[in-house]
Every structure is written in C-alpha cells, then in structure tokens.
Protein chains: 2
Amino acid sequence: MGQESSVIHDKCGVETTIAVVGGKWKPMILYALLSGPRRFGELTRLIPEITQRMLTLQLRELEEDEVITREIYKQVPPKVEYSLTPLGRTVEPILSFMQQWGEHFTNTRATSEGHSRDQRRDEL
Amino acid sequence: MGQESSVIHDKCGVETTIAVVGGKWKPMILYALLSGPRRFGELTRLIPEITQRMLTLQLRELEEDEVITREIYKQVPPKVEYSLTPLGRTVEPILSFMQQWGEHFTNTRATSEGHSRDQRRDEL
DNA sequence: CGGGATCCAACATGATACTG
DNA sequence: CAGTATCATGTTGGATCCCG
C-alpha cells in the first residue's frame with residue numbers, strides 16, 4: 001500500500017558518481033593522476049585550458065571527497081604533490097566504463113546521421 | 001618527439017556520457033522510462049519535484065540525442081508518449097555501473113568518517 | 001493535456017591581478 | 001611554485017503566465 005504512483009526518489013548513486021568524477025575538469029585531473037603523483041604546475045601543463053582557480057577548486061573537492069591526497073613539502077620554492085587515494089584508484093574502472101559508453105554512443109549516432117545539440121561533443 | 005608533456009585533450013567519452021545521462025533529472029527520467037512508455041503527465045507525477053519547464057527541456061535533449069522518442073497522438077485532449085529507443089536501452093547498464101560505484105563510494109566514506117562537501121549526497 | 005515564452009535567481013566558470 | 005582575491009560572464013534551474 002502507498003505505492004500508488006511509485007514516485008522516484010532516486011537520489012541515486014548516479015548523482016553521487018557524477019558529483020565525484022563528473023564535471024568539466026575532474027575526469028581529466030583524475031586521468032592525469034592515474035600515472036602517479038603530480039605537482040600543481042604539472043597539472044596545469046597537462047591540462048592547459050584549465051585556470052589556476054578551477055584547478056585549485058577541483059583539487060580541493062577531490063581532496064574533501066578523499067579521492068586524492070595533498071602532500072605539502074615544506075621547502076622553498078614550495079612543492080605540493082597530489083596523489084590518488086586507494087578509493088581514488090577505484091575510479092579508474094568507472095571512468096573506463098563511462099568512456100566506453102560515451103564512445104559507443106558517439107559512434108552509434110555518427111553512423112546513422114549527423115545533427116547535434118550543442119557544440120558537437122565529438123568535435124575534438 | 002613532441003610528446004614533451006603529453007597534454008590531456010581528453011574530451012573523452014566520459015564527458016559525452018555525463019552530457020547524455022548526467023545532470024539533475026535525466027537519470028530519473030530514464031529510470032522512469034525503463035519500465036515502458038510514459039506520458040508527460042505521468043512523468044511529472046513520477047518525478048514530483050521537477051518543473052514542467054525542466055521536464056520539457058530534458059525530454060527535448062534526450063530526444064535530440066536519440067535516446068528517447070516522442071510520439072504524438074492526434075486527438076483531444078492531446079496525448080504524447082515518450083519511450084526509450086534501442087540506443088536508449090543501452091543506458092541501463094551504464095546507469096547501473098554508475099549507481100553501484102556511487103553507493104560503494106558513499107559506503108566507503110561512511111565507515112571511516114563523516115564530513116561532507118555539499119549538502120550530503122546521501123541525505124535521502 | 002502538454003507544452004511555449006518570459007523573467008529572474010543561483011551557481012559554475014573564466015579572466016586577471018596579486019602573494020607567501 | 002602554488003596558490004588567493006576579485007570581478008565578469010555563462011549556464012542552469014525555478015516561477016509564472018499563456019496557448020492550441
């Protein structure tokens with residue numbers, strides 16, 4: 001009883017996943033960290049389009065989510081290294097799945113026809 | 001040569017996936033459609049918090065991405081039905097993976113400690 | 001019933017300059 | 001080097017009213 005419409009209160013893990021690994025920059029940041037610890041400056045060079053501001057903000061969020069760690073070496077000039085946590089390493093498979101589905105999606109649509117909603121997701 | 005920094009131009013499928021199934025409403029809409037075709041009014045009842053405007057916008061995007069179809073029955077009062085396309089049905093597994101990773105993430109963090117970034121993703 | 005049109009608030013992101 | 005601070009803009013979502 002009470003399932004009259006079975007309303008969806010599906011604040012599901014999907015949202016969580018998107019919140020943690022989604023967005024414009026986090027996938028690239030995480031991808032950059034898969035190969036090992038990186039310094040702030042390295043990340044800006046690996047992801048040239050990102051601003052310092054956004055990199056800082058995204059790194060702080062990832063850190064708060066315990067997906068990465070931030071290690072400060074007390075020295076001059078300053079050195080800070082970012083690394084994936086064990087939890088952070090579990091993102092690799094999910095990113096991989098999302099990547100694959102995204103490519104499948106793009107390929108499927110590319111075959112049958114070619115119109116696009118925003119600025120062509122497959123442009124680069 | 002030329003791979004000096006191996007810059008990440010990873011406008012990868014991850015972004016595509018997020019663009020198609022991500023966001024605040026699309027997962028719920030897709031979930032609602034997994035069980036079969038739904039009318040506009042049904043969807044608003046299944047997802048009470050969504051506004052008509054957002055439901056319309058999201059449905060249009062999903063339609064343009066060929067994830068769903070929109071069938072208009074010419075009659076009075078008007079009747080419109082939304083259904084998943086075959087491509088749309090392929091989202092089920094990826095949504096499932098994202099769901100599972102999101103729950104794993106939440107559980108992992110819940111055990112060791114309890115602080116949160118935004119308004120607790122696991123609140124409901 | 002199933003929207004479209006308009007206006008507005010909130011948030012995400014960008015540009016630029018400055019600092020310990 | 002690794003940020004912070006400030007300001008401007010873009011994008012998203014909500015509220016409300018109207019229409020075939």
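Reminder, nothing fancy here: chain letters follow the sequence lines and each chain counts from 1.
Ion pairing between a basic and an acidic side chain is recognised when a charged N comes within 4.0 Å of a carboxylate O; A/E61 and A/K26 show such pairing.
Regarding A/L55, its CG atom lies at a distance of 17 Å from the C1' atom of C/dT16, rounded to whole Å. Atom P of nucleotide C/dG2 and atom NZ of B/K79 are separated by 9 Å, given to the nearest angstrom. The nearest whole Å value for the distance from the CD atom in B/E42 to the C1' atom in C/dG2 is 13 Å. D/dC7 atom C1' lies 17 Å from atom CD of A/Q52, rounded to whole Å. Atom pair A/Q75:CD and D/dG3:P shows a separation of 13 Å (rounding to whole Å applied).
Using a 4.0 Å heavy-atom distance criterion, B/Y82 is classed as a sugar-phosphate-only contact.
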Atom pairs under 3.5 Å: protein N/O with N/O of nucleotides 11-14 of chain C:
unit_1 : atom_1 : unit_2 : atom_2 : d
C/dT13 : O4     : A/R53  : NH2    : 3.3
C/dG14 : OP1    : A/K24  : NZ     : 2.7
C/dG14 : OP2    : A/W25  : NE1    : 3.3
C/dG14 : N7     : A/R53  : NE     : 3.3
C/dG14 : O6     : A/R53  : NE     : 3.3

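Other residues, nucleotides and ligands place no more than 12 heavy atoms under 6.0 Å from the CD atom of A/E92.
At the phosphate of D/dG3, OP1 or OP2 sits under 4.0 Å from a side-chain N or O atom of A/R70.
Over its full length, the helix from C/dC1-D/dG20 to C/dG20-D/dC1 turns its helical axis through 50°, comparing axes from the five pairs at each end and rounding to 10°.
Aromatic rings from B/W101 and B/F97 are positioned such that their centres are separated by 6.0 Å or more.
Of the candidate nucleotides D/dC1, D/dG3, C/dG3, D/dC1 has the atom lying nearest to any side-chain atom of A/P78. Taking only side-chain atoms of B/P77, from C-beta outward, the nucleotide of C/dC1, C/dG3, D/dG3 with the closest atom is C/dC1. Side chain of B/R39, nearest nucleotide from C/dG3, D/dG3, C/dC1: C/dC1.
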